[in-house]
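Order of the sequence lines fixes the chain letters, A, B, ..., with proteins taken first and strands second; residue numbering starts at 1 for each chain.
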Amino acid sequence: MYQEQRPAYQPESIEKKWQKKWAEEGVFNAQFPSDKPKFYGLIEFPYPSGAGLHVGHPRSNTAMDIIARKRRMEGYNVLYPIGFDAFGLPAENYAIKNHVHPAVITQKNIVHFREQLQKLGFSFDYSREVDTTDPKYYRWTQWIFLQLFKQGLAYKAEMPINWCVSCKCGLANEEVVGGVCERCGGEVVRRVKSQWMLRITDYAQKLLDGLDTVDFIEKVKVQQRNWIGRSEGAEVDFRIADTNDTLRVFTTRPDTLFGATYMVVSPEHPLIDQYASRIANVSEVIAYREAATRKSDFERTELNKDKTGVELKGLYAVDPVNGKEIPIWASDYVLMSYGTGAIMAVPAHDARDYEFAKTFDLPIIEVISGGDITQEAYTDVQDGVLVNSDFLNGMRVAEAKKTIIAWLEELELGVKKVNFKLRDWVFSRQRYWGEPIPVVHCPHCGVVPVPENQLPVLLPNVENYEPTDNGESPLAKMTDWVNTVCPVCGAPAKRETDTMPQWAGSSWYFLRYCDPHNDEAFASPEALQYWMNVDWYNGGMEHTTLHLLYSRFWHQFLYDIGVVPCPEPYQKRTSHGMILGENGEKMSKSRGNVITPDDCIADIGADATRLYEMFMGAFDQAIPWSTNGARGCRRFLDRVWRLMDTIKEGEGYQRALTPLMHETIKKVGDDYEAMKYNTAIATMMTLVNEFSAAGGCTRDELKTLILLLSPVAPHICEEMWEQMGFGSGLTFAPWPIYDEEAMKRSEIEIAVQVMGKVRGHITIHPDMTDEQAQKELLTRADILAFVGERKLVKLIFVPGRLCNLIVR
RNA sequence: GUGGGCAUGGUGGAAUGGCAGACACAAAGGACUUAAAAUCCUUCGCUUCGGCAUGCGGGUUCGACUCCCGCUGCCCGCACCA
């Protein structure tokens with residue numbers, strides 16, 4: 001019979017066809033309620049920027065799409081949602097420049113993003129899409145803020161904060177990266193402002209402990225642990241000589257108390273003002289403080305190669321362990337923001353104190369033996385033994401710590417103390433495009449939360465989004481909106497004009513996905529019970545100490561007030577590497593090396609784009625883009641397509657290919673789970689090469705290949721599935737199963753080494769013993785030639801791998 | 001400074017302590033074609049053909065890209081945290 005020639009693989013039409021079909025049938029919509037086991041896969045929802053999707057988005061999205069699609073084939077009820085983290089500065093800056101409302105441009109961008117995502121064929125449940133700028137969404141962001149406020153975890157405080165000069169906006173500690181603004185790279189200065197703060201420090205220990213219960217890649221755990229920065233020690237009171245006041249310090253080395261030879265306070269320490277009249281050189285001290293304050297944090301660390309400082313002349317502290325009077329200095333290497341803002345200096349056993357003591361010629365007393373303190377500070381805590389320390393003499397450091405803390409507590413001179421580097425979260429922003437903070441300032445009642453039934457507090461329309469130089473939000477000028485009445489006493493009152501940071505909406509969005517259209521609650525307890533926690537969350541390393549930490553904090557809080565069913569939001573966290581430009585540099589508009597998914601889809605199709613992004617290299621590593629490499633992936637799909645024209649007769653797998661088929665099923669499945677997508681794809685390429693070498697494949701072989709490939713390249717696989725008549729739709733087609741028995745081969749080739757060097761190969765049965773192998777070897781003249789006159793002393797036989805002849 | 005990671009052909013990269021360079025890209029040659037594209041087939045680390053090769057120098061081992069010690073370089077995090 002005449003066979004009509006099959007048209008070549010044309011991704012454009014195939015991809016449109018299946019995307020339409022998937023959308024119409026809603027095949028990816030998560031079911032609730034359901035008796036099936038659930039799988040909740042999550043990727044970070046994008047910020048809908050004007051530039052559109054970047055090739056970095058599909059790397060993360062495809063990786064999780066592969067897992068989501070595989071899980072559906074394995075019988076799970078899958079939730080793989082998408083949404084938009086749409087508040088943020090770029091839209092606002094665009095609005096300022098072009099006089100368009102940020103909401104208008106945001107909605108336009110969302111439409112564009114959604115189209116781009118759909119073109120890539122991700123199996124998102126679009127029916128659950130969220131948008132953080134939707135009042136129906138931010139109503140609940142505000143609700144969570146009010147819960148934090150009610151529990152005393154949100155408070156307003158006047159304090160020095162990081163201020164981005166260019167964004168004209170306060171920043172959280174986490175948003176200052178390398179001394180500059182995380183978003184714009186602008187200069188960050190200290191500025192005293194009244195700010196809304198969240199008490200994330202109350203959760204420091206829980207955030208630390210929770211890490212032991214989840215499956216995050218180690219790098220993430222380490223970074224979060226470092227950021228939280230727990231350290232154990234003691235607070236010790238030093239009396240100020242000739243007064244009844246004490247100077248409290250934090251130290252991790254109370255065992256070295258006998259070695260304290262001076263004290264250092266931060267230049268901002270209140271002690272300086274308190275005793276200004278007694279400090280002989282007070283003007284010098286004040287001048288030092290002013291110089292320190294003027295510097296930005298960045299300058300302060302930059303200039304801190306050398307120690308600077310000034311003595312508070314006339315003021316002395318009394319060492320509680322021996323009554324010695326020691327001088328007090330002020331130096332900017334002591335930070336007001338950590339511990340008590342004052343330290344006891346033990347130059348013999350602390351590198352910084354050592355450097356300072358050398359600079360200002362202060363005494364150095366050894367109290368731990370084992371080092372050479374004439375050369376450098378001896379900071380080892382393992383092997384040192386206490387000396388010059390009265391009742392601590394002869395003890396090891398660990399024992400001395402315990403003993404001295406007990407002694408201090410007994411005499412009420414100090415207490416055991418745990419300190420954290422983590423700071424409270426500066427939560428207010430002086431910008432327009434964010435969630436209004438739902439409180440009212442009443443002259444009689446103070447700060448009053450907006451009643452929950454009045455949420456959301458809607459963002460009003462303003463004329464001008466421009467941030468102000470005096471640090472006020474643009475909302476402050478909206479007098480109609482600002483002037484309101486106190487919900488408690490009814491007196492005229494004013495609304496809070498600061499808004500929430502970008503991180504607010506993303507701190508709980510994964511909860512909304514569970515039940516996105518609920519008007520009664522942020523999500524129903526039943527939906528949360530079923531879906532939470534997120535089984536697998538993939539995202540960027542850059543969010544480790546921002547979004548990932550913040551959202552864990554909010555979630556732990558929501559757990560504590562009983563509104564979510566589990567303490568940790570994410571069970572597993574993985575991270576993808578960045579995609580670099582073709583020249584190996586970071587992709588950016590200014591470098592002109594940006595490649596967009598749209599470009600790539602137009603060139604090779606969405607399936608090949610997905611395939612290439614997964615094939616280009618190890619998933620967690622940064623990789624430069626290669627247009628040629630991407631085209632190679634398209635060629636692979638062309639070859640897969642043409643397999644339909646070389647179908648061989650017969651049921652099942654070809655005999656010679658049976659072990660390879662089962663090995664491939666195992667390898668591809670295992671590699672997907674381990675996110676080793678590059679080797680999974682390489683394995684399938686090898687299989688296709690074998691099909692070519694065999695002159696074609698059987699229907700069953702092609703069927704298996706399509707199933708394995710479908711999570712990566714779903715459109716072409718659906719089309720081939722249909723054309724081959726394998727059934728209706730791949731979404732819920734069962735994932736192939738391998739058979740260990742069928743993987744066994746009747747004979748294998750192993751390498752033969754003589755003294756560790758490969759000298760030949762033998763073909764043996766895989767179960768052959770070493771005696772049999774040895775016998776076989778003795779018949780091989782080519783191998784024996786390498787042995788020569790030497791005597792065989794040992795045969796190393798590694799089943800299935802090689803044998804090594806040891807001769808002498 | 002400190003903690004972590006990485007270093008393999010012209011390129012991206014493979015390799016539970018067991019045949020280094022899988023799978024691709026690029027390049028070269030050939031077939032098909034009037035021609036090109038596409039496709040298909042070869043070759044593709046270096047070599048004086050003994051060997052030598054996974055940044056450099058040691059070590060452990062029958063056997064090391066893989067483990068240990070010491071360097072060098074690059075990347076990332078933290079950065080005076082008491």
Side-chain angles (χ1 to χ4, degrees), chain A residues 8 177-179 218-220 222-227 229-231 233 249-254 256 263-264 266 297 300-308 331-335 337-346 349-353 355-356 419-423 541-542 544-545 577-578 580 582 584 611-612 615-618 620-633 635-636 638-639 642 676 678-689 692 749-761 793-807:
Chain A
V177 177
E218 203 49 36
K219 233 183 0 175
V220 169
V222 167
Q223 263 187 48
Q224 289 209 346
R225 283 195 192 109
N226 286 345
W227 190 258
R230 184 183 199 273
S231 64
V249 302
F250 172 72
T251 177
T252 55
R253 297 295 306 274
T256 62
M263 312 290 284
V264 188
S266 155
D297 269 11
R300 208 150 142 172
T301 40
E302 275 296 284
L303 297 172
N304 263 326
K305 301 275 186 265
D306 298 314
K307 293 278 178 288
T308 61
S331 172
D332 62 6
Y333 87 86
V334 174
L335 310 171
S337 57
Y338 185 75
T340 64
I343 62 159
M344 65 174 204
V346 185
H349 306 291
D350 180 280
R352 294 152 304 177
D353 297 346
E355 196 194 324
F356 192 84
N419 250 327
F420 295 95
K421 282 202 264 184
L422 189 69
R423 301 271 72 97
M541 279 308 290
E542 70 275 17
T544 302
T545 53
M578 209 182 355
L580 306 172
E582 205 133 10
L611 187 74
Y612 175 61
F615 180 65
M616 59 197 302
D620 58 353
Q621 237 125 74
I623 306 282
W625 186 267
S626 159
T627 300
N628 280 324
R631 294 207 176 115
C633 284
R635 280 199 285 273
F636 170 68
D638 286 330
R639 296 182 70 191
R642 289 195 299 267
K676 290 164 86 173
N678 54 335
T679 48
I681 292 163
T683 304
M684 290 185 279
M685 288 174 168
T686 305
L687 184 68
V688 171
N689 291 345
S692 299
E749 194 187 57
I750 65 165
V752 180
Q753 300 181 331
V754 179
M755 297 299 284
K757 286 212 163 85
V758 179
R759 298 301 189 184
H761 292 88
V793 290
K794 199 174 170 192
L795 178 85
I796 311 267
F797 183 76
V798 186
R801 294 281 184 178
L802 52 68
C803 54
N804 188 7
L805 303 175
I806 311 304
V807 296

Seminar exercise, completed: Its contact letters, B for base, S for sugar-phosphate only and - for none at protein heavy atoms under 4.0 Å, make nucleotides 42-51 of chain B read ---------S
Seminar exercise, completed: Its contact letters, B for base, S for sugar-phosphate only and - for none at protein heavy atoms under 4.0 Å, make nucleotides 19-31 of chain B read B--BBSSS-----
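Atom CG in A:L611 sits roughly 17 Å away from atom P in B:G13 (whole-Å rounding). Between A:M541 atom CE and B:C78 atom P there is a gap of 10 Å when expressed in whole angstrom units. Residue A:Q223 contributes atom CD, which lies 13 Å from atom P of B:G5 at whole-angstrom precision. Atom-to-atom, CG of A:N226 to C1' of B:A79 comes out at 11 Å; the value is rounded to the nearest Å. Look at CG on A:D350: it is 14 Å from C1' on B:U2, rounded to the nearest Å. Going from atom CD of A:E218 over to atom P of B:C6 covers 13 Å, rounded to whole Å. Here B:C40 presents its P atom at 9 Å from CG of A:D638, a figure rounded to the nearest Å. Atom CH2 of A:W625 is separated from atom C1' of B:G13 by 16 Å (rounded to the nearest Å).
Of the C1' atoms belonging to B:C65 and B:A22, the separation is 15 Å, rounded to the nearest Å. The separation of B:G17 from B:A7, taken at their P atoms, amounts to 15 Å, rounded to a whole angstrom. Comparing B:C56 with B:U47, their C1' atoms are spaced 22 Å from each other, to the whole Å. B:C71 and B:A82 have their C1' atoms separated by 33 Å, given to the nearest Å. Between the C1' atoms of B:G5 and B:C19, the separation comes to 29 Å (whole Å). If you take atom C1' in B:G9 and the same atom in B:U72, they sit 22 Å apart, rounded to whole Å. Separating the P atom of B:A26 from that of B:C40 is a span of 13 Å, rounded to the nearest Å. Rounded to whole Å, the separation between the P atoms of B:C46 and B:A53 comes to 16 Å.
Projected onto RNA chain B by closest heavy-atom contact, A:I806 and A:R253 fall at different nucleotides, the more 5' of which corresponds to A:I806. Closest-nucleotide positions on RNA chain B for A:P624 and A:G339 were compared, and the one nearer the 5' end corresponds to A:P624.
A:V222 comes within 4.0 angstrom of nothing in the nucleic acid, heavy atoms only. Among the heavy atoms of the strands, none lies under 4.0 Å from A:A8. Among the protein residues, A:K421 comes within range of the nucleic acid bases, having at least one heavy atom under 4.0 Å from a base atom.
There is no side-chain donor-acceptor pair under 3.5 Å between A:Q223 and A:T545. Of the N and O atoms on the side chains of A:S692 and A:R639, at least one donor lies less than 3.5 Å from an acceptor on the other residue.
Residue A:Q621 holds its CD atom at 11.0 Å from CG of A:L580, rounded to the nearest 0.5 Å. Interatomic distance, NZ of A:K307 versus CD of A:E355, reported as 4.0 Å (0.5 Å rounding). A:T308 contributes atom OG1, which lies 4.0 Å from atom CG of A:D332 (distance to the nearest 0.5 angstrom). The OH atom of A:Y338 sits 11.5 Å away from the CG atom of A:L422 when rounded to the nearest 0.5 Å. Here the CE-CE distance, from A:M578 to A:M541, works out to 12.0 Å after rounding to the nearest 0.5 Å. The structure places CE of A:M755 at 10.0 Å from CG of A:L805, a figure rounded to the nearest 0.5 Å.
With hydrogens and angles ignored, the 3.5 Å screen pairs a side-chain donor or acceptor of A:N804 with a backbone N or O of A:G756.
At B:C40, one or more side-chain N or O atoms of A:R642 fall inside 4.0 Å of OP1 or OP2 (strictly under the cut-off). Checking the phosphate oxygens (OP1, OP2) of B:C75, no side-chain nitrogen or oxygen of A:K219 falls inside 4.0 Å.
A:F356 and A:Y333 have tilted rings, their planes meeting at an angle from 30° to 60° on a 0 to 90° scale.
Heavy-atom minimum distance, A:P624 versus A:G584: CB-CA, 4.1 Å. When all heavy atoms of A:T340 and A:V249 are compared, the closest pair comes out as OG1-CA, 3.3 Å. In terms of heavy atoms, A:D353 sits closest to A:A345 at OD2-CA, 3.3 Å.
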Exercise. Can you give the dot-bracket line for RNA chain B, where a pair is Watson-Crick or G-U wobble with both atom distances under 3.5 Å, crossing pairs use [ ], and | marks a partner on another strand?
Worked result: (((((((..(((.....[....))).(((((.......))))).((....))..(((((..]....))))))))))))....
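Glycosidic conformation of B:G50: syn, with the torsion inside 90° of 0. In this structure, B:G9 shows a glycosidic angle within 90 degrees of zero, which is the syn conformation.
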